[in-house]
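Each chain gets a letter, A, B and so on, in the order its sequence line appears, and its residues count up from 1.
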Amino acid sequence: MALGYLRNSPRRITRGLLDSQFVESLVSPNPVERYIGLLDPTWSRRDVRAEVVGVDRQTPRSVTLTLQPNSNWAGFVPGQHVGLTVEIDGVLTTRYYSPASRPADKRLELTISAHPAGKVSNFLVKNARVGMILGLSPAEGEFVLPSSPPGELLLISGGSGITPMMSILRTLLGDEHAAPITFLHYARTGRDALYREELERLAAEYENLNLVTVLTRETGPKLISGRLSREQLKSIHGDHANAEAYVCGPESLIAAAESIWSQDQLEDKLHTELFSLPEPLVVTEDAVGSVRFTKSGVEVANDGQSLLVQAEQGGLSPRHGCRMGICHTCVCRLESGTVRNVRTGEVKTVSNELVQICVNAPVGDMEIDL
Amino acid sequence: MPKSATKQANPITDPEFELTQEQLDLFGEELDALRARVLDDLGQRDADYINKILNAQRGFEVAGRGMLFLSFIPPAWIAGTVSLGISKILDNMEIGHNVMHGQYDWTQDPRLDSTQFEWDTSSPSVNWKDSHNYQHHTHTNIVGKDRDVGYGILRMSEDQPWHPYYLGNLLYATLLMTFFEYGVAMHDLEVERMVSGEISVTEKREEFDHIWRKVRDQAVKDYVLFPLLAGPMAPAVLAGNFSANIIRNIWSFMIIFCGHFPEGVEEFTEEETANETRGQWYYRQILGSANLTGGKIFHIMSGNLSHQIEHHLFPDIPAHRYSEIAVEVKEACARFGIPYNTGPLPRQFGSVVKKIARLSLP
Ligand code: FES
């Protein structure tokens with residue numbers, strides 16, 4: 001133990017020093033990162049950053065990244081997701097992905113499938129390479145197994161929704177979980193089916209794993225095809241009343257599951273996570289929706305005026321200066337929503353980005369950090 | 001609309017010169033289109049550029065402070081001081097000033113976030129953003145509204161009534177130049193309005209606290225902690241840090257004063273500028289600013305404020321784009337017959353000094 005302490009101590013001393021008030025005063029007003037970054041770009045006092053140490057392209061439209069996070073990474077629970085930040089055309093862009101690896105693994109595995117309109121996914125599928133530094137946000141999400149895993153399990157995923165299931169499955173099997181697990185996965189074609197080889201290997205090795213892959217766009221004598229339905233479920237799993245069900249995938253899959261389970265009044269046995277892109281907004285001239293100011297808890301019906309004016313009408317007094325888009329005094333973080341720039345007419349859907357509220361008007365529902 | 005706003009004369013080049021409202025509208029549209037084009041084109045190039053500057057700034061700072069520790073070798077003291085001065089100039093001008101204008105907010109990079117950024121000078125970013133980004137950039141050169149006209153200390157315009165106090169104009173300017181960072185920090189306190197009794201000391205309590213904390217932190221760092229760390233080299237480090245701060249002060253004063261006060265740059269009255277159209281606003285920004293000519297390094301070291309005209313037209317476009325934009329702005333100005341004030345630093349600064357001297361007398 002003493003030896004271990006000695007071995008760790010230089011690191012701990014360095015860390016303590018870099019965290020100290022003294023060093024903070026020496027580098028003030030800059031964060032110490034600004035200097036350490038010259039030597040080690042993944043180092044940070046608080047931010048989680050990760051280096052890409054492995055890149056694998058299992059299918060033509062996906063990429064599997066192995067990440068080595070820095071020491072600020074606090075881990076995750078299977079089923080949760082993390083924010084992944086990538087620089088694309090000079091803009092730091094964040095999207096959320098569920099790790100497919102086990103929490104016990106030293107490294108983090110993310111599989112990213114290219115969506116037609118997905119900025120980050122398309123970028124990574126095309127450009128991911130070993131050595132890239134990416135930003136990570138702490139893991140979050142309620143779509144997780146209870147701490148003592150339930151008896152019989154039914155896992156259903158569609159497309160890229162397979163990733164949290166892989167994490168759950170790998171963790172359970174690794175922990176010698178003995179109760180029966182049925183894993184039903186929907187992919188469009190055999191070429192698109194992620195983790196196919198590994199799953200087949202696991203199914204051969206573990207008797208309690210019943211693996212069914214449905215190829216929705218392929219038909220053949222031995223294949224099950226088509227979307228999730230009561231009949232299909234019955235033929236695969238028999239009675240689903242006793243199993244705890246976890247469903248992750250696109251909206252249609254979640255909707256199908258919800259209708260089956262609610263007809264059977266088994267809602268409390270169903271856990272779902274939606275994996276899809278937000279619908280693009282149809283822009284109309286009429287102001288619709290409502291604007292929620294999250295910090296103050298105020299909500300107003302959107303009347304189409306600038307966010308600054310609407311905030312003021314809601315009784316808030318945001319900081320501002322010129323009110324004409326010059327000074328940036330009014331910049332606020334927009335959590336989610338679409339804005340129209342009243343000066344240029346440009347319409348932009350943003351999440352967690354800075355906007356000038358004096359020249360941007362909400363288009364539909366919006367949440368803003370004010 | 002008041003008559004004076006529909007037609008604006010430019011008495012410098014031609015007392016008869018007038019632009020019609022239609023021409024001004026057209027001019028405004030052209031500049032709006034230029035702005036949209038550049039904003040649309042922002043991308044990796046701009047992010048890479050500012051990251052390169054950030055790295056350079058860190059490099060100069062680390063190298064400068066390191067060399068000052070070796071001050072027992074005299075050239076190391078000089079090199080260290082200059083290097084630290086360069087780092088402070090980069091931090092304040094090409095990085096701080098421009099980042100706080102929101103020029104890089106679009107990158108969503110927390111290091112370049114105008115709401116978070118803090119710089120290595122005595123003026124706290126919050127106060128500065130209000131007096132500079134808002135008051136100065138919105139009300140550029142409007143006497144009585146833009147407090148950058150003379151900083152509440154100097155007489156920089158005929159429109160400011162003369163007072164025997166202004167006999168010291170040149171002396172005050174020299175002091176302001178040497179201790180510019182404190183001048184800028186104090187700027188937000190509006191001391192002159194406190195003296196005249198317009199506002200009370202308690203109204204400025206919050207600003208005062210901010211300023212005091214920032215001044216203290218910067219002073220402790222440069223004049224206590226680093227000298228202490230240097231042990232026997234303490235006096236040399238102290239002197240080096242002090243000199244680096246002064247180098248930065250003088251340089252930024254020169255660049256900033258050359259941007260607005262050489263001969264030929266106009267001031268405005270509140271009446272003239274009431275109910276401005278977009279075109280008129282652009283027009284006032286051009287008449288109220290002046291550029292400096294020079295090479296690439298010179299432009300970087302001035303935070304591209306050598307393109308003061310372009311900066312005032314488009315304060316939130318990344319400044320390293322101004323030199324490209326300038327080509328088109330200049331061409332448009334020539335076409336519309338709008339004066340475009342530019343010249344080398346010695347000439348422009350000489351003209352500023354002359355103006356300060358002349359205005360010390362009635
Ligand atoms: S208030 Fe000045 S940019 Fe919004």
Query - Approximate separation, where rounding is to 0.5 Å, of B:Leu39 CG and A:Thr344 OG1 - result: 8.0 Å

Query raised in the report: Can you find a pair of side-chain heavy atoms, one from A:Val331 and one from B:Asp105, that are under 4.5 Å apart?
Result: yes

Query - Spacing of OG belonging to A:Ser351 relative to CD belonging to B:Gln108, to within rounding of 0.5 Å - result: 9.0 Å

Report task. Measure B:Trp281 against the heavy atoms of chain A and call it side chain, backbone, both or neither at under 4.5 Å. Result -> side chain

Query raised in the report: So, B:Arg58 side chain and A:Arg34 main chain: donor-acceptor pair closer than 3.5 Å or not?
Result: yes

Query raised in the report: Can A:His328 and B:Thr115 be said to form a side chain to side chain contact (heavy atoms under 4.5 Å, CB included), step by step?
Result: CA-CA 9 Å; A:His328 282 244; B:Thr115 63; over 6 Å; no

Report summary line: Bottom line for B:Asp222: the part with an atom under 4.5 Å from chain A's heavy atoms is neither

Report summary line: One should read off an interatomic distance between B:Asp217 CG and A:Glu24 CD, to the nearest 0.5 angstrom, of 9.0 Å

Query raised in the report: Checking heavy atoms, do the side chain of B:Asp130, its backbone, both or neither come under 4.5 Å from chain A?
Result: neither

Report task. Identify which of B:Lys214, B:His137, B:His101, B:Arg45 forms the greatest number of heavy-atom pairs closer than 4.5 Å to chain A. Result -> B:His101

Query raised in the report: Which of the residues B:Phe314, B:Tyr104, B:Trp106 is involved in the greatest number of heavy-atom pairs with chain A at under 4.5 angstrom?
Result: B:Trp106

**Report entry** Among B:Ser125, B:Gly102, B:Ser114, B:Pro315, residue most engaged with chain A (heavy-atom pairs, under 4.5 Å)
**Finding:** B:Gly102

Report task. Between chain A and each of B:Thr138, B:Leu42, B:Leu225, count heavy-atom pairs under 4.5 Å; write down the option with the most. Result -> B:Leu225

Requested in this report: Let me know if B:Val62 has heavy atoms under 4.5 Å from chain A in its side chain, its backbone, both or neither.
Outcome: side chain

Query raised in the report: Where on B:Asn55 is there a heavy atom nearer than 4.5 Å to chain A: the side chain, the backbone, both, or neither?
Result: both

Report task. Of all the heavy-atom pairs spanning A:Glu87 and B:Ala47, show the shortest one and how long it is. Result -> OE2-CB, 3.6 Å

Requested in this report: Kindly compute the distance separating CD1 (A:Ile326) from CG (B:Leu313), expressed to the nearest 0.5 Å.
Outcome: 10.5 Å

Query raised in the report: Quick one: CD on A:Gln356 to CG on B:Asp316, what's the gap to the nearest 0.5 Å?
Result: 5.5 Å

Query raised in the report: Between B:Phe117 and chain A, which part of the residue has a heavy atom less than 4.5 Å away: side chain, backbone, both or neither?
Result: side chain

Query raised in the report: Is any side-chain heavy atom of A:Leu92 less than 4.5 Å from a side-chain heavy atom of B:Asp109?
Result: yes

Query - Top contributor to chain B interface from A:Cys332, A:Gly135, A:Pro29 [non-hydrogen pairs under 4.5 Å] - result: A:Pro29

Report task. Among the options B:Gln57, B:Met100, B:Arg278, pick out the one with the most heavy-atom pairs lying under 4.5 Å from chain A. Result -> B:Arg278

Requested in this report: Pick one of side chain, backbone, both or neither for B:Ile50, based on which atoms fall under 4.5 Å of a heavy atom in chain A.
Outcome: neither

Query raised in the report: Contact part of B:Gln218 toward chain A, heavy-atom cut-off under 4.5 Å: side chain, backbone, both or neither?
Result: side chain

Query raised in the report: Out of A:Leu26, A:Asn352, A:Leu354, A:Thr329, which one racks up the most heavy-atom pairs below 4.5 Å with chain B?
Result: A:Leu26

Query raised in the report: Can A:Arg333 and B:Asp113 be said to form a salt bridge (charged side-chain N to carboxylate O under 4.0 Å, His left out), step by step?
Result: CA-CA 11 Å; A:Arg333 208 162 269 288; B:Asp113 175 345; 3.4 Å; yes

Query raised in the report: Would you say B:Glu206 has more than 12 foreign heavy atoms packed within less than 6.0 Å of its CD?
Result: no

Query raised in the report: Given side chains that start at C-beta, do those of B:Asp32 and A:Arg343 come closer than 4.5 Å, heavy atoms only?
Result: yes

Query raised in the report: Top residue by heavy-atom pair count (under 4.5 Å) with chain B, among A:His320, A:Met324, A:Glu33?
Result: A:Met324

Report task. Flag the pair A:Tyr35 / B:Glu61 as yes when at least one side-chain heavy-atom distance between them is below 4.5 Å, and no otherwise. Result -> yes

Query raised in the report: CG of B:Leu229 to CZ of A:Phe22: how many Å apart, nearest 0.5 Å?
Result: 4.0 Å

**Report entry** Pairs of heavy atoms under 4.5 Å with chain B: top-ranked of A:Gly321, A:Pro31, A:Ser25
**Finding:** A:Gly321

Report summary line: Under 4.5 Å to a heavy atom of chain A? For B:Arg35 that would be side chain

